[in-house]
Structure formats: structure tokens, C-alpha cells
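Okay, so here's the structure we're looking at.
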Amino acid sequence: MSEEAMAKAAPAAGAGAGRDGAAAAGKKAAVARGAGETPDLESYRGVGIFIEQHGGQAAPVAWELAGIGRVLADKLGVELIGFVAGHQVEAVAREAVERGCDRVILLDHPALAVYRNEAYSRVLTPAIREVKPEIFLLGATTTGRDLAGTIATTLQTGLTADCTQLDVDPETRLLDAIRPAFLEKQLAVILCKKHRPQMATVRPKMMEPAVRQPGRTGEIVRFPVDLDEGSLRTQVLGVIDEPDPQAQLERADVVVAGGRGFQDPKNLKLLFEFAETVGGVVGASRAIVDAGWIGREHQVGQTGLTVRPKVYFAFGISGAIQHTVGMENSELIVAVNKDPQAPIFKVADLGVVGDLFQILPALQSELARRLDELLAEDAAEAGGAGSSGETEDAAAPAARAGA
Ligand SMILES: Cc1cc2nc3c(=O)[nH]c(=O)nc-3n(C[C@H](O)[C@H](O)[C@H](O)COP(=O)(O)OP(=O)(O)OC[C@H]3O[C@@H](n4cnc5c(N)ncnc54)[C@H](O)[C@@H]3O)c2cc1C
């Protein structure tokens, strides 16, 4: 497989998807060396996932872990075990069952109401020790990354950060923790052969979330929590609930991103106006972030955010792998670039080879016109059969998503 193809295989995640020849060969060699170590490994069974929640609201990545966790557990023929920590979070535990967990370990205590590394690791680490899952996954969120390091070092086991794919070999029971490496140009398959659980954090938005199955049954086990607030070294004085621009970008249905093709920071106002017209949030390549044209909170890509909107517009972005890794799972990608060879066209569903200074305003006014039409139709149909006619081109989903 060419280096480029390998790099491209990395973010095309999915359960066990895209295992390439090189990775498989590497693993075989590793397995041959590592078979049958300490018998203690046998006492670990099940796939554990950390169900991250804040104020009783599960983080979206929790259900993405439930999705991939279920696949791994089925391959191994073991339970999927959710670990929920918080205060008054039974509803989250019940939902974890409906999302595919066979058993949920519930750690409920007032001192766990707001995430703190010390409190969470002090209850989760002994719970993991007792339950002994052979695999333990967390989301690669701010919380998950913080917690995973503490748990892994306390349990003295291996942790792979920010995986984009996971797979498991039912024979060796080894987890393939797969992540882009070397500037995302190659895939690294990382194994944890001699220690348990095999830990990994998983990049948000790379896995399909588990579908909720109302009425699905499972066991919820309340674990005793021995925490004394006075013994904790960190205190949360308050939580500032400011709108988080990064979260906005991650949740947006429409992302309108720009790159160095804008040529001058003052031209970015075109990008912002376009975003406003289609109800989108502005994204950016690292090149224009590094150049100081726009804030880092807009950056999409390997060292920025991963987004998965319904529509992603890429204006004047070349499509370097470090950029596409953060957006290629978008449902529809529309690219405008004056260079027909630009790699962005490899991931784009719709592409226009042309000067963005001509295309962008034309596209914007056409979308605005269609949006007005749709809104007018909706108004005319008020109380009627809902959304208006289907159109077969790019403009329609963009207009609908922005409406
Ligand atoms: C370790 C590492 C991490 C990185 N992380 C990230 C990351 O998270 N996100 C990220 O984006 N990058 C990242 N990069 C940088 C990445 O490799 C690219 O350099 C960057 O994405 C390029 O940005 P760009 O597409 O805006 O600029 P360029 O590559 O310069 O592309 C500009 C494009 O605009 C087109 N263009 C020019 N004028 C016009 C016009 N008038 N109309 C239409 N098209 C026009 C050109 O044809 C060109 O394709 C990282 C790099 C490294 C080494």
C-alpha cells in the first residue's frame, strides 16, 4: 500500500475497518513474539468503557465508545461494561444499557458531581481493578485524556492516546490500538501485550455512535464509593458556563472553512458572511491560524478539531492530510480551489476548480436565494406537511441544514 493510501486509510474509521497489509503483518510478527505471558492476563475479561458525562448529560463520545466497544466485545465473546461516575447519574447508566452495555458500574457520590482528576481516578481505579476488563477505553476529550493518564500509570498498564481505529484479534485477545503517526503519514498499530487492561483513548467523532435501543436490558451495579471531600486536594469553586467556540464548531451542521487561498486576512470577511448566510460555523486551516489571520479555536485538523458536519465547505484549502484528517468524515464536502491537482478534491464530494473570489459570492447569493424560497414555501405550508421539495444538488442540503 502506498504511503498516501495508508495515511488515507487512517481516519476512515469504523469497527475494525481498514486494516492494511503492513499493519497486519507487523502485528503477526509482534504476536508471535508475545504469546502466552503471565497467566494473570487470563483473569481479565470484558471490554470496559468510560461513560463520560457532565451534569447528567452524557458526552457524545460515550456512545461512540459504546458502538466500537460492542463490536470488540462481540468479537471477543465478552461483556461490554460501562463505567459511569458522577452524582445522581442513574439515568446515564440506564441509557448506557440501552446503548449496548451488558453491565454498568455506577459510581455515584456528591464529590463526583463535577469532574476532578483526583476524585474520579480514586474511585475508577479500584473499580477497574476489581472488575478486571481486558480492554478499557475512554474518549480523547479533555476529561478523557486527563483521566486516562492517571488511571494507566496507577494501574501500571499501557495506554495509546487518540486512536482513530480499533480492532481486536479474538485468538490472542490483543487490542490493535491504531493511530496516525509521523505527521499522520503512517498508521501505527500499538499493542499492549503484557499488561491489563489494554487502555486507549479514542478520538471523538471517528466511530459510529451506538443506536439507542429502548427497553434493552442489562445489569446496573452500584459500587460503594469511599470519598471524603476533605481529603481531596482540589476544590471546584465554580464553573464558568461560557459558550465554547470549539464545542460550537464540533457540533455545527455546516462548517465553512477557509485557507491560505484567501490571500489576505481582510478577505476572511467573505468567509464569515458566507457562513452567516448558510447558518454555518467558520473553520480554518492551520496555515491561516499560524499566520495570525484567525483564532486557533477555528482550526480543523490533526492539531485542531475533528468535525463531522452535514456539509463542509473548503474554500482555498489545499487539503493536506493534517487538515483532511479532521474533516473527511463530513457527510458532504464541497471544495473550491483554483488548482485542479489540489488534494482536497480527493475527499470532496463536489468540487469547483476556480477562483474563490468569484465562486464564493456566486454560491452565496444562489444559496441565499434558495434559502429564501425554502423559507417562503415553509411559511406558505405553515402547519402543513413540513419540509419542502427535494433538490438534487449541493445547495439544497446546505440550505436546509442552515435553515
Ligand atoms: C505536525 C503538523 C500538524 C498540522 N496540523 C494541521 C491541522 O490541524 N490543520 C491544518 O489545516 N493543517 C495542519 N498542518 C499544516 C498542513 O500540513 C498544511 O500546511 C495546511 O493545512 C495548509 O493550509 P492551506 O490549505 O490553507 O494552505 P496551502 O496549502 O497554502 O493551500 C492554499 C490553497 O488555496 C488555493 N488557492 C489559492 N488562491 C486561490 C483562489 N484565489 N481561489 C481558490 N483557491 C485558491 C491553492 O491552490 C492552494 O491549494 C499541520 C502540519 C504539521 C507538520
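Quick caveat, the model's predicted, so the values are computed rather than measured. First listed ligand is number 1; within each ligand, the first listed atom is number 1.
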Using a 3.5 Å cut-off on N or O atoms only, is G259 in polar contact with ligand 1? no
Quick one: are T324 and K346 in side-chain contact, heavy atoms under 4.5 Å? no
Answer whether the closest heavy-atom distance between the side chains of V282 and F274 falls below 4.5 Å. no
I want to confirm something. Looking only at heavy atoms, which of Q341, Q322, H323, Q302 is nearest to atom 11 (O) of ligand 1? H323
Non-hydrogen atoms of G258 versus ligand 1: any pair closer than 4.0 Å? no
Which one of Q263, R296, M327, Q299 has a non-hydrogen atom at the shortest distance from atom 8 (O) of ligand 1? Q299
Can you find a heavy atom in the side chain of M327 that is under 4.5 Å from one in the side chain of V347? yes
Is any side-chain heavy atom of V104 closer than 4.5 Å to one of I51? no
Non-hydrogen side-chain atoms of D102 and R70 separated by less than 4.5 Å: yes
Just to be sure I read this right, does ligand 1 sit under 4.0 Å from the backbone of F357, its side chain, both, or neither, counting only heavy atoms? side chain
Enumerated ligand 1 atoms positioned under 4.0 Å from heavy atoms of V300: 7 (C), 8 (O), 9 (N), 10 (C), 11 (O)
Counting heavy atoms only, which of Q358, K338, R260 comes nearest to atom 45 (C) of ligand 1? K338
Heavy-atom distance under 4.5 Å between the side chains of R179 and I190, does that happen here? yes
Heavy-atom nearest option to atom 28 (P) of ligand 1, drawn from A335, S318, G304, G326: S318
Flag if over 12 foreign heavy atoms under 6.0 Å of CD, Q57: no
Decide yes or no for V71 and D74: does some side-chain heavy atom of the first lie under 4.5 Å from some side-chain heavy atom of the second? no
Between V47 and L76, is any pair of side-chain heavy atoms under 4.5 Å apart? yes
For atom 48 (C) of ligand 1, which candidate among D355, N337, V352, D339 provides the closest heavy atom? N337
Using a 4.0 Å cut-off to any heavy atom of G354, which atoms of ligand 1 qualify? 42 (N), 43 (C)
Residue-level breakdown please: for S285 versus ligand 1, do any non-hydrogen atoms fall below 4.0 Å on the side chain, on the backbone, on both, or on neither? both
Can you figure out which of G301, G316, A314 has its heavy atom closest to atom 32 (C) of ligand 1? G316
Counting from 1, what ligand 1 atoms have a heavy atom of T303 closer than 4.0 Å? 3 (C), 4 (C), 5 (N), 6 (C), 7 (C), 8 (O)
In ligand 1, the atoms that come under 4.0 Å of a heavy atom of A320 are 16 (C), 17 (O), 18 (C), 21 (O)
Do NZ/NE/NH1/NH2 and the carboxylate oxygens of R45 and E79 come within less than 4.0 Å? no
Does even one non-hydrogen atom of I288 get within less than 4.0 Å of ligand 1? no
